[in-house]
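Sequence lines set the chain letters: A, B, ... in the order given, protein chains first and strands last, and positions in each chain run from 1. Treat the numbers as computed from the prediction; the structure is a model and nothing was measured.
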Amino acid sequence: MKPAVAGGMGVVYEKIKEGTEVKRESRGNTGRQTGEGSLAEDDNWGETTTAVTGTSEHSISQEDIVRITKDMEDSVGLDCKRYLGLTVAAVLGLLVFLTPIAFLILPQVLWREKLDPCGTACEGLFISVAFKLLILLLGTWALFFRSPRASMPRLFVLRALLMVLVLLFVISYWLFYGVRILDSQDSNYQGIVQYAVSLVDALLFIHYLAIVLLELRQLQPTFSLKAVRSTDGEAFFYNLGHLSIQRAALVILENYYKDFSVHNPALLTASKSRAAKHMAGLKVYNVDGPGNNAAGQSRAMIAAAARRRDSSHNELYYEEADHERRVKKRKARLVVAVEEAFTHIKRMQEEEQKKAPGEVMDPREAAQAIFPSMARALQKYLRTTRQQHCHTMESIQQHLAFCITNNMTPKAFLESYLNPGPTLQYSRERWFANQWTLISEEAVTSGLKDGLVFVLKSVDFSLVVTVKKIPFIKLSEEFIDPKSHKFVLQLQSETSV
Amino acid sequence: MAHIPGQPVTAVVQRIEIHKLRHGENLILGFSIGGGIDQDPGQNPYTEDKTDKGIYVTRVTEGGPAEVAGLLVGDKIMQVNGWDMTMVTHDQARKRLTKKNEDVVRLLVTRKSLQDVVRQSMLQ
């Protein structure tokens, strides 16, 4: 509720709601005049009439419009691409798994009379085929049957190559089988079984290759990536191995949610206002006529700004010192209030519960009981550190109930409010980081290289990532005999004679 | 002034004669010594050679007998009344300087400025 004061006719309260709901439309600028008609003949009616313009019941800011379009794009979705990949992989897997079984069954079905009887060795091979297929199935389940973590812009090159390899492999086996065994109706069943066993062996080796290429190769750290957030300069380093750019971006984003503190636009307003003041201080007047010398103008502005005695650094210093003192004072009050509130609660033991069933409360009620005594101090502290929009009353009470249930001390309860935590700690609406775009000059499926730079852009901010190679480490050894540690006293005395 | 063990030590010295002053029941000379073969030579600020374990003058009291006789801070004492001071312990040096039955001590001291002057005059 914002009061809009205008004129001498009193104060008009206007409800201005910033709607983030998707389906509302803004009703545009409706100028409303609340002055009475009788004042129209008054001489100075302009000063005394209240005219409130530019208000509407539901208004949406520019950022919200951008966010809405992004959400719409998101929900329509390129899910068909993901499902295509999944179905191809499933079909291929089924084909691969059924091939050895088909190799074994087809001769029995088609020319059973002509087949040599299956001796002991041949039946032994059946067992081996069965177990190897089982191991292959378990291995494939462990390696590939995982819910996808992300949807990438381009296809995953290594996985596609592996699928092509497997397909070619199986096709070549089928070709051989079709030409040499089915056409000629070979009667040596043991040979056929051995052929099927060799197929399963080779599939297991391909599975090993898949493990090495997809999982093991990138484990050894080769590159160090520095991710810097563009709005406040928070930076973190990550060590990665040989990955493509899109996979490296995925790793960085997964670590973003746990390492970087939550994006807080309220903390950026101070520097923005300072920047505005710098620009607003000087204005260029073109006295000599309409020659629009833009470069000359900007140079003149920079020179003038450098020359003028700017005391904004002073303001910044004192403002920051003042802010720190205020924060510390509020923090002290908060800590005392919370500690006092926690002393009112005591966990009841089992035996006592049966004795006095009068005032027993569950954690939620206990939290609600002690919350009012600390609510004010907490609210003031959050307002001072500009975190008040990250926490709602409901979430604070929930957190309090959680801490009481787990026997946490007041300090543990306060830990999530005193320091801005990582993004995962807060509920999804406060994240400011849901949709990511990868901006890169190189193809995103190419590997990481020293000196590469790519940007992960979100709606409100972006992460700039620089890649550096970890240096080659030359390690040499030196042997120290444990008996060689000997010491001697150092005396320096001075005597007067 | 590095000393090679086994070789005789050569140095340019100055004779200084100090008359002891009676202070209460003690005879004092008015300076302080540091160094000795049982001490750490690395702490010696008066010499470049940090292996020199000789006896050095570390302080000279104002107006005392040593200052009157011309002893300077940083001097290395080579002999006291004929007794050698280049290879003695700190305590031996103290004893040789504070013998109660001697009123006068005759020191042979050397300092860097002496060496430089002699070298310069030899070059000329």
Got a second to check how far B:Asp91's CG is from A:Thr495's OG1, nearest 0.5 Å? 7.5 Å
Rounded at 0.5 Å granularity, tell me how far CZ in B:Arg94 sits from OG in A:Ser496.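 These two atoms lie 10.0 Å from each other.
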Taking atom [atom1] of [X] as the centre, report whether more than 12 heavy atoms of other residues, nucleotides or ligands fall under 6.0 Å from it.
X	atom1	value
A:Arg326	CZ	yes
B:Leu123	CG	yes
A:His485	NE2	yes
B:Lys99	NZ	yes
A:Gln220	CD	no

For a quick test of reading the model, state the closest non-hydrogen atom pair linking B:Arg59 to A:Glu494 and the distance between them.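 Shortest heavy-atom separation between B:Arg59 and A:Glu494 comes out as NE-OE2, 3.2 Å.
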Would you mind checking which part of [X] comes under 4.5 Å of any heavy atom in chain A, side chain (CB onward), backbone (N, CA, C, O), both or neither?
X	answer
B:Gln43	side chain
B:Asn44	neither
B:Ile33	both

